[in-house]
Amino acid sequence: MLRALDTSLLLTPNEVAAYSPAVKTAGLKAGLWSATECTVSPRQTIPQLAEYLEKELDVVFQFGSAITHVDTGILSDFYDIWRAERIFICSGADFETLYPRIFQESGITKCKLQMLRTNTQPNSWQLGPSLCAGLTLLHYSSFAHLKSLESVRDRYNQENPDFARYGVHVLVSQNHSGEIILGDSHEYGWDVSPFDSEEINQLILNYLQTFAQFPDAVIAETWHGVYPKLPGKTDFVMEAEKGVWIVNGLSGAGMTMSFGLASEIV
Ligand SMILES: Cc1cc2nc3c(=O)[nH]c(=O)nc-3n(C[C@H](O)[C@H](O)[C@H](O)COP(=O)(O)OP(=O)(O)OC[C@H]3O[C@@H](n4cnc5c(N)ncnc54)[C@H](O)[C@@H]3O)c2cc1C
């Protein structure tokens with residue numbers, strides 16, 4: 001009997017199968033299940049979040065303009081000037097427009113991630129919880145203190161050193177349209193290539209098929225995202241001028257951590 005209210009459980013392969021029909025249980029030793037994971041679909045959430053903030057908190061959004069100049073108490077998009085007591089610059093991976101020298105000196109870099117999406121799965125098929133497997137234990141530093149991780153690393157380096165070279169680990173989730181979202185890879189550097197590598201997409205799919213399968217595996221869409229990464233740090237917060245704060249560098253955890261950081265800073 002599964003205790004659904006526990007926050008995390010060690011599951012037998014049969015129990016894993018009860019949580020998700022996608023998991024390949026042949027050869028599986030065990031699974032970890034967490035009740036605190038939450039999947040957010042950015043295409044749905046971001047417009048809804050803006051709508052919510054406009055309605056509930058009278059936030060005014062000014063889409064489609066780039067701020068090109070900031071100083072204490074003022075910001076401007078070349079045409080108009082706004083005044084504000086406190087200014088927070090959350091410019092993501094755009095290090096070039098505002099305070100480029102500060103970004104250059106900070107040690108921050110960019111990370112390019114390749115992603116894939118299937119079509120809507122047939123017959124309302126449900127993935128269940130989001131899935132990941134062994135490579136994910138190597139990717140997130142929360143697991144870095146585990147001594148047993150070395151043998152996991154050795155195993156994957158022997159199986160395919162390209163997993164480590166391209167920072168591949170696989171997260172599988174399903175969105176509100178029934179599509180399966182798959183990713184990702186991690187390539188670091190200020191110059192982000194606009195061209196995606198089919199080899200990397202295949203690495204992601206090859207690893208995926210070692211632990212999961214879906215009724216419709218056809219890939220409908222591929223793309224890449226870019227986020228800022230400050231190695232060894234969880235964020236980059238700096239007062240660039242009096243009352244002007246740069247808040248950046250949330251890396252691959254911004255969807256999770258940014259609300260906490262915002263409430264701490266504001
Ligand atoms: C593929 C991918 C998968 C991810 N998966 C996860 C995940 O599973 N969990 C998680 O927690 N996080 C995840 N993240 C990370 C998360 O998306 C980021 O940490 C988060 O989006 C950072 O938020 P931000 O507001 O700092 O920057 P961004 O979301 O990058 O927003 C910055 C915005 O500022 C705008 N801007 C820049 N310069 C200017 C200017 N001069 N004037 C006006 N506007 C400007 C940009 O156009 C952009 O809209 C993922 C990121 C990617 C790319």
Side-chain angles (χ1 to χ4, degrees), residues 34 36-47 49-50 53 59-71 74-82 84 87-100 102-103 106 108-117 129-132 136 139-142 166-175 180-188 192 194 196 200-201 204 221-230 233-238 240 244-266:
S34 162
T36 56
E37 299 307 305
C38 166
T39 303
V40 174
S41 173
R43 287 187 195 186
Q44 188 185 26
T45 306
I46 290 172
L49 201 56
L53 292 169
V59 173
V60 177
F61 287 88
Q62 174 100 28
F63 293 111
S65 45
I67 298 300
T68 49
H69 181 76
V70 178
D71 215 327
I74 62 155
L75 59 160
S76 147
D77 71 345
F78 187 77
Y79 297 107
D80 296 312
I81 293 175
W82 291 269
I87 298 169
F88 299 98
I89 300 175
C90 310
S91 49
D94 183 335
F95 306 151
E96 291 81 9
T97 310
L98 296 170
Y99 300 103
I102 290 181
F103 283 115
S106 70
I108 207 164
T109 188
K110 300 183 190 188
C111 179
K112 172 184 176 182
L113 304 90
Q114 288 192 200
M115 301 284 301
L116 307 94
R117 172 181 75 73
S130 299
L131 303 175
C132 62
T136 297
H139 180 73
Y140 289 109
S141 56
S142 323
Y166 298 115
V168 166
H169 77 116
V170 175
L171 299 177
V172 184
S173 57
Q174 189 171 33
N175 65 16
I180 304 291
I181 311 297
L182 302 163
D184 38 30
S185 55
H186 297 78
E187 293 178 281
Y188 298 93
V192 175
D196 288 350
I200 291 179
N201 284 344
I204 293 171
E221 211 170 42
T222 67
W223 70 100
H224 70 254
V226 182
Y227 62 60
K229 169 90 186 170
L230 186 58
K233 299 267 170 60
T234 53
D235 51 67
F236 177 60
V237 180
M238 182 183 174
V244 178
W245 293 84
I246 294 173
V247 184
N248 205 310
L250 281 138
S251 185
M255 289 183 201
T256 318
M257 313 290 271
S258 54
F259 294 96
L261 183 67
S263 88
E264 224 173 67
I265 288 174
V266 179

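Indexing begins at 1, ligand by ligand and atom by atom, following the structure's order.
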- line: Taken to the nearest 0.5 Å, the spacing of K112 NZ from I200 CD1 works out to 7.0 Å
query: Got a protein heavy atom sitting under 4.0 Å from atom 49 (O) of ligand 1?
result: no
- prompt: Measuring to protein heavy atoms, does anything land under 4.0 Å from atom 35 (C) of ligand 1?
  reply: no
message: For a 4.5 angstrom cut-off between non-hydrogen side-chain atoms, does L113 reach E187?
response: no
- prompt: Heavy-atom distance under 4.5 Å between the side chains of M255 and T45, does that happen here?
  reply: no
- prompt: Would you call the rings of F236 and F103 parallel, tilted or perpendicular if under 30° counts as parallel and over 60° as perpendicular?
  reply: tilted
query: Under 4.0 Å from any heavy atom of M115, which atoms of ligand 1 are there?
result: 1 (C)
message: I'd like to know whether ligand 1 has S258 as a neighbour, heavy-atom separation below 4.0 Å.
response: no
statement: Closest to atom 33 (C) of ligand 1 among protein heavy atoms sits C90 O, 3.9 Å
- prompt: Shortest non-hydrogen contact from F78 to T68?
  reply: N-OG1, 3.4 Å
- prompt: Is ligand 1 less than 4.0 angstrom away from at least one heavy atom of A66?
  reply: yes
field: atom 46 (C) of ligand 1 within contact range, any protein heavy atom under 4.0 Å
entry: no
query: To the nearest 0.1 Å, how far is atom 42 (N) of ligand 1 from its closest protein heavy atom, and which atom is that?
result: I67 N, 2.8 Å
query: Would you say D77's side chain and D80's backbone share a donor-acceptor pair under 3.5 angstrom?
result: yes
- request: Check each of A262, G252, S130 against atom 14 (N) of ligand 1 and report the one with the nearest heavy atom.
  value: G252
Closest protein heavy atom (residue, atom, distance) for atom 39 (C) of ligand 1: S91 CB, 4.3 Å
Nitrogen or oxygen of A253 less than 3.5 angstrom from that of ligand 1: yes
task: Taking atom 18 (C) of ligand 1 as the reference point, report whether a protein heavy atom occurs under 4.0 Å from it.
output: yes
field: Student check: side-chain heavy atoms of I181 and M115 closer than 4.5 Å
entry: yes
query: Quick one: does G254 get an N or O within less than 3.5 Å of an N or O on ligand 1?
result: yes
- prompt: Given side chains that start at C-beta, do those of F95 and P100 come closer than 4.5 Å, heavy atoms only?
  reply: no
statement: Of V70, T68, V226, the residue with the heavy atom nearest atom 53 (C) of ligand 1 is V226
query: Does the protein put any heavy atom within less than 4.0 Å of atom 24 (P) of ligand 1?
result: no
message: Using only atom types and a distance under 3.5 Å, with no angle test, would you say the side chain of T109 pairs donor to acceptor with the backbone of Y188?
response: no
message: For G92, is there any backbone N or O sitting under 3.5 Å from a side-chain donor or acceptor partner on N248?
response: yes
message: So for P42, does at least one of its heavy atoms come nearer than 4.0 angstrom to any atom of ligand 1?
response: no
query: Hey, which atoms in ligand 1 end up nearer than 4.0 Å to a heavy atom of D94?
result: 37 (C), 38 (N)
- request: Look at the side chain of K110 and the backbone N and O of A93, then say whether any donor-acceptor pair between them is shorter than 3.5 Å.
  value: yes
- request: Using a 4.5 Å cut-off on heavy atoms from C-beta on, say whether the side chain of I180 contacts that of V172.
  value: yes
query: Among protein heavy atoms, which sits nearest to atom 27 (O) of ligand 1, and what does the distance come to when rounded to 0.1 Å?
result: G92 CA, 3.6 Å
field: Close-contact set for ligand 1 against G225 heavy atoms, below 4.0 Å
entry: 53 (C)
message: When you measure from atom 12 (N) of ligand 1 to the protein, is at least one non-hydrogen atom found at a distance under 4.0 Å?
response: yes
statement: Quick note on ligand 1: atoms under 4.0 Å from a heavy atom of S65 include exactly 43 (C)
task: Output yes when the distance from some N or O of ligand 1 to some N or O of Y227 is under 3.5 Å, and no in every other case.
output: no
query: So do I102 and M238 actually touch side chain to side chain, heavy atoms under 4.5 Å?
result: yes
query: For atom 29 (O) of ligand 1, is some protein heavy-atom partner under 4.0 Å away?
result: no
field: Flag for T97-D94: side-chain donor and acceptor within less than 3.5 Å
entry: yes
query: In Å, rounded to the nearest 0.5 Å, how long is the span from OG1 of T136 to CG of L171?
result: 5.0 Å
task: Tell me which protein heavy atom sits closest to atom 4 (C) of ligand 1, plus the residue, atom name and distance to 0.1 Å.
output: M255 CE, 4.1 Å
Heavy-atom side-chain proximity of W82 to I67 below 4.5 angstrom: yes
- prompt: Is T256 in polar range of ligand 1, meaning some N or O pair under 3.5 Å apart?
  reply: yes
- request: Mark up the atoms of ligand 1 that fall under 4.0 Å of a heavy atom belonging to L98, in ascending order.
  value: 41 (N)
Test item: protein heavy atom less than 4.0 Å from atom 21 (O) of ligand 1: no
message: Give me the nearest non-hydrogen protein atom to atom 26 (O) of ligand 1 as residue plus atom name, then the distance to 0.1 Å.
response: L250 CD1, 4.3 Å
task: Indicate yes or no: does an N/O atom of L171 lie under 3.5 Å from an N/O atom of ligand 1?
output: no
statement: shortest atom 15 (C) of ligand 1-to-protein heavy-atom contact is with S251 O, 3.2 Å
- prompt: In the protein, which heavy atom is nearest to atom 2 (C) of ligand 1, and how far is it?
  reply: L113 CD2, 4.1 Å
message: side-chain hydrogen bond (donor to acceptor under 3.5 Å, both in side chains) for T39 and S173? Distances and angles first, verdict last.
response: CA-CA 7 Å; T39 303; S173 57; 5.3 Å; no
Close side-chain approach of K229 and H186, heavy atoms under 4.5 Å: no
